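Input: a single structure, listed below in structure tokens.
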Amino acid sequence: MYCLTLVVQGNSILPRNSKPKSNNSSHRREAISLLQKCKNISHVQSTHAKIIRNGQEQDPFIVFELLRLCSKLNSIDYASKVFHRIRTPNVFLYTALVDGFVLSGSHFDGIRLYYRMIADSIVPDNYAITSVLKACGFQLALKPGREVHGQVIKLGLCSNRSVKMKLMELYGKCGELEDARRMFDEMPEHDVVASTVMIASYLHHRFVGEARSVFDRVQTKDTVCWTAMIDGLVKNGEMNWALEVFREMQVENVKPNEATIVCVLSACSHLGALELGRWVHSYMGKYEIKLNHIVGGALIHMYARCGDIDKAEKVFDEMMERDISTYNVIISALGMHGKSIEAIEMFRAMIKQGLRPNSITFVGVLNACSHRGLVELGFEMFHSMVRDYNIEPQVEHYGCMVDLLGRVGRLEEAFSFIKRMKTAPDHIMLGALLSACKIHGNLELGEQIARSLLDCGKADSGTYVLLSNVYASSGRWKEAAKVRAEMKEGGIQKEPGCSLIEVNNEIHEFLLGDIRHPHKEEIYKKLKELEKRLKLKEGYSPKTEVALHDVEDRQKEWALSIHSERLAICYGLISTKPYTTLRVVKNLRVCNDCHSMIKLIAKISKRKIVVRDRNRFHHFENGVCSCGDYW
DNA sequence: CACCCAGAAT
């Protein structure tokens with residue numbers, strides 16, 4: 001790295017203050033206005049030729065215009081060529097090209113060029129500084145950023161607002177929050193924009209409390225500021241809080257825009273808050289929100305993740321502009337709901353429209369195949385991906401294939417598939433195969449996979465639970481207990497089962513055997529009543545899976561056998577009108593016993609019940625589930 | 001005679 005040498009006197013500072021040569025100023029103005037009329041790069045090139053013929057090639061004003069224009073038209077290569085023909089480029093020209101590099105995504109080239117300028121003893125001004133800081137920010141290049149900061153101090157540019165802003169942004173992005181905060185506090189204005197940058201930086205590094213306190217101190221919060229807070233809360237998993245802030249924003253009469261809506265829809269998607277999502281959708285007209293492809297995608301995603309796949313398809317049909325990501329959203333949505341054939345048809349429609357699938361598209365397609373056990377089609381798609389679209393399979397794609405083979409019971413094939421892969425298997429893939437071993441009762445393979453996961457330290461709570469269940473389902477109780485002990489020794493916490501249900505615009509959360517809800521008495525009464533009726537009339541007999549807990553008393557055991565989705569459904573039954581569809585979101589996979597029980601509950605209560613589990617959707621109606629008991 | 005789209009988005 002070069003060091004900045006400040007040359008204030010002498011002739012090394014180039015002609016920014018020198019007077020232009022006589023009588024060329026009208027020619028210059030002419031050339032510039034010619035340039036400004038150019039619409040495409042070939043037009044620019046012919047104008048450039050004219051400029052060269054007129055002997056104006058070295059004129060810094062004209063070249064400046066030329067460089068900016070090339071950058072704007074996405075022709076950084078041409079800009080670079082133009083620049084390198086200049087004998088003595090000044091700070092303006094350097095800055096224009098640095099900006100061009102930043103615009104084209106070649107941030108590192110931008111930083112390098114800036115250092116070349118310094119080496120040429122050209123003194124940067126605040127524009128050059130902000131440009132290079134922008135490049136550093138994109139690259140998360142903290143080291144050169146700090147050097148530039150040092151130069152800022154030497155040059156006395158500290159008081160410049162844009163410079164401070166960019167420094168703060170850089171530090172914030174790089175996680176140097178104390179430095180970012182220092183810059184922020186040095187800005188006496190503490191205006192909305194600076195505060196927004198600070199808030200976003202805090203939230204990006206999970207300092208929710210700090211973000212909140214900056215946010216609270218902003219006097220007049222605008223749309224972007226509110227949106228940054230909502231978005232950050234969503235990214236930190238604070239969905240309910242995010243929605244609360246959104247409501248506050250409306251109380252304060254700040255109009256949401258497209259970005260706000262996208263963030264709010266994302267929160268709804270996570271929570272399964274369909275009613276709120278619908279409300280947001282219906283108010284989009286009033287707020288003049290345009291249905292661009294980002295908003296459209298978020299809407300489709302929301303409806304699909306909240307269980308209303310019909311509405312998701314309808315929004316898709318209504319959209320005017322669809323791009324690859326729109327198709328990716330709808331394909332994975334259809335797959336998630338077990339509509340595998342429709343997903344494949346959508347994929348074909350996309351191709352027909354002339355869009356080129358990317359690697360995300362194929363994750364959706366292969367996942368769709370897996371949810372219906374479409375092995376042949378899955379392989380066809382997998383090979384087509386490599387052969388026709390030249391997409392190198394990633395670990396996700398292999399994972400889908402392993403899942404597909406595993407679920408249908410072709411366990412050995414799945415295992416040899418893993419061994420043939422170019423990449424190392426990840427714990428998600430092995431977990432999928434392990435779960436398949438449990439479903440199909442393959443003890444040896446299951447044991448082998450689980451052990452390899454445990455040995456390489458990749459095991460999470462799910463691995464232990466699955467392995468223990470593999471043993472238990474073949475009657476090997478001793479081994480099951482041993483795994484349970486190992487889990488306890490390793491201090492591994494089981495991820496608690498949790499279900500959400502939306503009733504009257506409010507999200508109600510239930511944990512395994514939960515007793516916190518204000519209506520707990522009625523909920524448990526309903527549950528007991530249902531169990532009794534199902535046993536008597538529908539021949540239901542509970543097959544509770546082995547509980548992985550040290551249970552001292554029977555009361556606790558009973559509570560722990562009550563999976564959270566049952567509580568959520570019972571609450572839904574007692575708090576909504578007859579025939580209302582119930583929609584439940586669960587964080588883990590639904591177990592066999594709950595699955596068969598919910599089928600019967602749907603039958604006797606004459607309700608549709610939609611359950612989203614960790615992997616997919618189940619639509620229960622009249623005693624059957626849309627997954628066809630294959631999941 | 002030139003210059004930093006202030007910040008947020010599946």
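Lettering of chains follows the sequences in order, A, B, ..., and the numbering in each one begins at 1. Computed from a predicted structure; not experimentally measured.
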Checklist line | Interatomic distance, D125(A) CG vs dC3(B) C1' [rounded to whole Å] | finding: 8 Å
Margin query: Classify the ring geometry of W226(A) against F215(A): parallel below 30°, tilted from 30° to 60°, perpendicular beyond 60°.
Written below: perpendicular
Notebook entry, point to check: Below 3.5 Å, does any donor atom in the side chain of D191(A) face an acceptor in the base of dA6(B), or the other way round?
Noted result: no
Notebook entry, point to check: Using a cut-off of 4.0 Å on non-hydrogen atoms, how would the nucleic acid contact of V197(A) be classed: base, sugar-phosphate, or nothing?
Noted result: sugar-phosphate
Margin query: Within the 4.0 Å heavy-atom criterion, would you say V192(A) contacts the bases, only the backbone, or no part of the nucleic acid?
Written below: base
Check: When you measure from the side chain of K235(A), which nucleotide among dA8(B), dA9(B), dA2(B) comes out closest?
Finding: dA9(B)
Check: So, does the side chain of R28(A) form a donor-acceptor pair with the base of dC1(B) at under 3.5 Å?
Finding: yes
Exercise answer: donor-acceptor pairs, residues 245-255 of chain A side-chain atoms, under 3.5 Å, sequence neighbours excluded:
from, atom 1, to, atom 2, distance (Å)
Q250(A), NE2, Y287(A), OH, 2.9
K255(A), NZ, E288(A), OE1, 2.8

Next item on the list: Assign R68(A) to base, sugar-phosphate, or nothing according to its heavy-atom contacts below 4.0 angstrom with the strands shown.
Entry: sugar-phosphate
Next item on the list: Pick base, sugar-phosphate or nothing for N257(A), based on heavy-atom distances below 4.0 Å to the nucleic acid.
Entry: base
Notebook entry, point to check: In whole angstrom, what separates K134(A)'s NZ from dA6(B)'s P?
Noted result: 10 Å
Checklist line | Ring-face cation of R356(A) near Y389(A) (centre distance under 6.0 Å, axis angle within 45°) | finding: no
Check: Is D310(A) salt-bridged to K314(A), going by a charged N under 4.0 Å from an acidic O?
Finding: no
Next item on the list: Classify the nucleic acid contact of S131(A) as base, sugar-phosphate or nothing, counting any heavy atom under 4.0 Å across all strands shown.
Entry: nothing
Notebook entry, point to check: Rounded to whole angstrom units, what separation is found between the CG atom of L203(A) and the P atom of dA9(B)?
Noted result: 11 Å
Note to self: With the stacking rule set at 5.5 Å and 30°, tell me whether F61(A) counts as stacking on dC1(B).
What the structure shows: yes
Margin query: I need the H107(A) NE2 to R112(A) CZ distance, nearest 0.5 Å.
Written below: 13.5 Å
Margin query: Let's see if you can work this out: which of dA6(B), dT10(B), dA8(B) has an atom nearest to the side-chain heavy atoms of M165(A)?
Written below: dA6(B)
Item checked: Separation of dC4(B) C1' from Y94(A) OH (nearest whole Å) -> 20 Å
Margin query: Starting the side chain at C-beta, find the nucleotide from dA2(B), dC4(B), dA8(B) nearest to D231(A).
Written below: dA8(B)
Checklist line | Among dA2(B), dA8(B), dT10(B), the nucleotide that comes nearest once only the side chain of V329(A) is considered | finding: dT10(B)
Note to self: Please report the distance, rounded to the nearest Å, between CG in L35(A) and P in dC3(B).
What the structure shows: 14 Å
Check: Any salt bridge (charged side-chain N to carboxylate O under 4.0 Å, His left out) pairs touching residues 76-88 of chain A, not counting sequence neighbours?
Finding: E57(A)-R85(A)
Item checked: Spacing of D99(A) atom CG relative to dC3(B) atom C1', expressed in whole Å -> 8 Å
Note to self: Using the side-chain heavy atoms of P60(A), tell me which of these nucleotides is nearest: dA2(B), dA9(B), dG7(B).
What the structure shows: dA2(B)
Next item on the list: Choose from dG7(B), dC3(B), dA9(B) the nucleotide whose nearest atom is closest to any side-chain atom of D222(A).
Entry: dG7(B)
Note to self: Nearest whole Å is fine: how far is dC3(B) P from L157(A) CG?
What the structure shows: 18 Å
Margin query: Tell me the interatomic distance from E258(A), atom CD, to dA8(B), atom P, rounded to whole angstroms.
Written below: 16 Å
